[in-house]
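For reference, the structure is listed below as structure tokens.
First the proteins, then the strands, lettered A, B, ... as listed; each starts at 1.
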2 protein chains.
Amino acid sequence: MTVTLADVAARAQVSPATVSRVLNGNYPVAAGTRERVLRAVDELDYVLNGPASSLAASASDLVGILVNDIADPFFGIMAGAVQSEIGPGGRAGGERLAVVCNTGGSPERELTYLTLLQRQRADAVVITGGAIEDAEHMNALAAKMERLTDAGTRVVLCGRPPAPDTGAVALTFDNRGGGRRLTEHLLGLGHRAIGYIAGPEERTTTRHRLEGHRAALAAAGLPDGETVHGPYDRSSGYDAALELLRRDPSLTAIVAANDSVALGACAALRDAGRRIPDDVSVAGFDDLPFSIDTVPALTTVRLPLYEAGARAGRIAMSREKEPPGGVATVHGELMVRGSTAAPRG
Amino acid sequence: MTVTLADVAARAQVSPATVSRVLNGNYPVAAGTRERVLRAVDELDYVLNGPASSLAASASDLVGILVNDIADPFFGIMAGAVQSEIGPGGRAGGERLAVVCNTGGSPERELTYLTLLQRQRADAVVITGGAIEDAEHMNALAAKMERLTDAGTRVVLCGRPPAPDTGAVALTFDNRGGGRRLTEHLLGLGHRAIGYIAGPEERTTTRHRLEGHRAALAAAGLPDGETVHGPYDRSSGYDAALELLRRDPSLTAIVAANDSVALGACAALRDAGRRIPDDVSVAGFDDLPFSIDTVPALTTVRLPLYEAGARAGRIAMSREKEPPGGVATVHGELMVRGSTAAPRG
DNA sequence: TTGAAAGCGATACCAG
DNA sequence: CTGGTATCGCTTTCAA
């Protein structure tokens, strides 16, 4: 029915072994022979049987990229960068099947996808976004990552803390530093009543950004301000902003744990009759392209997402012990856009 | 090194065949035996060898979802819906590896990803987003889809026209109707000088939306207005809006081929000193959650992306000749938000 | 530089 | 309900 290697071999008048060698290109084959084999491949419209190949070679060309929310451009940018580094057209050697898996932020699905990728004997796995800080899940995850690396799958963490003794390589963002600088900026403008919309509880990104924020407050001799937790999405930002206003109507600034949340907060403020930034300033985190000019008043810590993604992709593909350029923390750049203002009065 | 089915069989004191039957669950096995096998699986921490399994069964549990731009929430929403229908936790039976592949809108990469998925003997492939109308590429694509369906891979097109004789099932959006209604709405308000920012040339979505727009103009006895083409992204909308203003400074409305483009256009208008919608009204297409409240003046044809994605997922999983509920065109809903205005004067 | 043949690890058919 | 085993299509020594 379907064309096999043997068919190609027969047609090219060579042995299956030779066809395999031509196809994999990592073995000397006479130019003429290669020519004939390639012609036969073309004429028969032959497509390699991946499972058979993976079974025999005990290795596949599948690379998985795990993201917390595929509808969030934050992850889209990173995943796209990883893929363009690894997948078709990528520079990291040829035609790997680089695929994105959406965990939806669920710990179970995170583990399930890793198992699925382990089943496929994935070549590499890139896990992006903040990790969940639940002891049980962390153990399960660490165990799984260790088994993956043991089996030869390279594991790269991008945007979450290192996982010691698992063989996974980590590329982290400076979330604490970013949170701190964002708040220092607002303090510098004179803001004292600052509300904070945090991400979901038990997430490393949530905790680190909040710690940076509070460190800045503490350094200025101020107590913690009002804080509301919620998912990293727009509607959560909307609700949280209203809640913050309810708790403290005199707020002059709101820091949001990411840009999607910040946009939701802006919408809420507008609906509540507050002007941005004249009445309330808003600050965000991350680097969503659309936030740049839809909400001119936004102050943001801009994370080099594309670069980080590309770097993670390169690390995933590297077969060296040490990834190229070593592993580092990515620092965000503070961007003040439009008219972030000092408090009135 | 790694644990195999045979190891599990030995430990459970049964034959490999029995272990396989327990694991696949589609064959009667005595409760006690099953128990023992599952315990052995657990104790040995056994993970199925996907390639071996796929080879033997000549079928895999891989489902590919192709998108044009993974950083665009339009595709993120659809892809997420497909995944949640098919992947871990999805209702469509168990643990398939539903993965997203980013073509970046490139025809070559589209074909390459399909080949890669064909290699893996993918169970199903969902291709989302507008198609490129280049004869050569269309032929190559049709041929590839036919080979995929011949090999037993179910192919579902979501948001692009049917591909006759390929065995692919199509779920289409009513782009013409949407473009028409959007324009009719503006005409109804009294707008006569309407600029149009179209998507990339040679895309079905671009053409159909533009056709609907022009049909509405023609029905009102008006000639085609100014049109500028560009990619489906924000910066393209920004540039195109400026170009439209340059060509016709008296424009009172702009229709954009999608919401990302519309947001860019809004930014450009603002930078050019035009007020929205008092000076110029803006209309978009699609359903980006953030556009709902970041640009209150926007009028949009809202496509039920999530539903379409979920439906496409169900079709992909269906093994019937006819997909559940038949195949249909998805109609968008016209949403007039905030203060889309009549032209001044 | 090329060929022959032994696996890789699971599935599914055929017996029992 | 369970076991034996041929088979899937490719990779990779080992020889020639």
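Regarding A:Q120, its CD atom lies at a distance of 20 Å from the P atom of C:dC8, rounded to whole Å. Atom CG of A:L55 is separated from atom P of C:dT11 by 12 Å (rounded to the nearest Å). In this structure, OH of A:Y27 is placed 11 Å from P of C:dT1, rounded to the nearest angstrom. Counting to the nearest Å, the C1' atom of C:dG9 and the CG atom of B:L48 are 9 Å from each other. To the nearest angstrom, P of C:dC8 lies 18 Å from CG of A:N49. In this structure, A:L5 atom CG and C:dA4 atom P are separated by 14 Å, rounded to whole Å. One interatomic measurement links the two molecules: CG of B:D7 to P of C:dG9, which rounds to 9 Å at whole-angstrom precision. Atom CG of B:L23 is separated from atom P of C:dA12 by 13 Å (rounded to the nearest Å).
Nucleic acid contact class of B:S54 (heavy atoms, under 4.0 Å, all strands): none. Nucleic acid contact class of B:S58 (heavy atoms, under 4.0 Å, all strands): none. The residue A:S53 sits close only to the backbone: its heavy atoms come under 4.0 Å of sugar-phosphate atoms, none of a base. Here B:A17 lies in heavy-atom contact (under 4.0 Å) with a base.
Minimum interatomic distance between A:R203 and A:G105 (heavy atoms only, all atoms of both residues): NH2-O, 3.1 Å.
The main-chain N or O of A:A316 is never found under 3.5 Å from a side-chain atom of A:R154 such that the two would form a donor-acceptor pair. A donor-acceptor pair under 3.5 Å is formed between the side chain of A:T149 and the backbone N or O of A:T166.
Rounded to the nearest 0.5 Å, atoms CD1 (A:I70) and OG (B:S84) are 10.5 Å apart.
One N or O donor and one acceptor, one from the side chain of A:R21 and one from the base of C:dG3, sit under 3.5 Å apart.
If you run side-chain contact (heavy atoms from CB on, under 4.5 Å) between B:T112 and each of B:L116, B:T115, B:L114, only B:L116 comes through.
The nucleotide whose nearest atom lies closest to any side-chain atom of A:A56 is, among C:dA4, C:dA10, C:dG7, C:dG7.
Toward the 5′ end of DNA chain C lies the nearest nucleotide of A:V14, the other residue of the pair B:A52 and A:V14 mapping further downstream. Where B:A57 and B:R34 each meet DNA chain D at their nearest nucleotide, the meeting point lying more 5' is that of B:R34.
Side-chain N/O atoms of A:T18 include one lying less than 4.0 angstrom from OP1 or OP2 on C:dG3.
For DNA chain D, the contact window with chain B, defined by any atom under 4.0 Å from a protein heavy atom, covers D:dC1 to D:dG9 in 5' to 3' order.
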* For A:T103 and A:S106, what are the C-alpha separation, side-chain angles and deciding distance, and is it a side-chain hydrogen bond (donor to acceptor under 3.5 Å, both in side chains)? -> CA-CA 6 Å; A:T103 67; A:S106 146; over 6 Å; no

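Residues B:L97 and A:L62 form a side-chain contact, since some pair of their non-hydrogen atoms from C-beta on lies under 4.5 Å apart.
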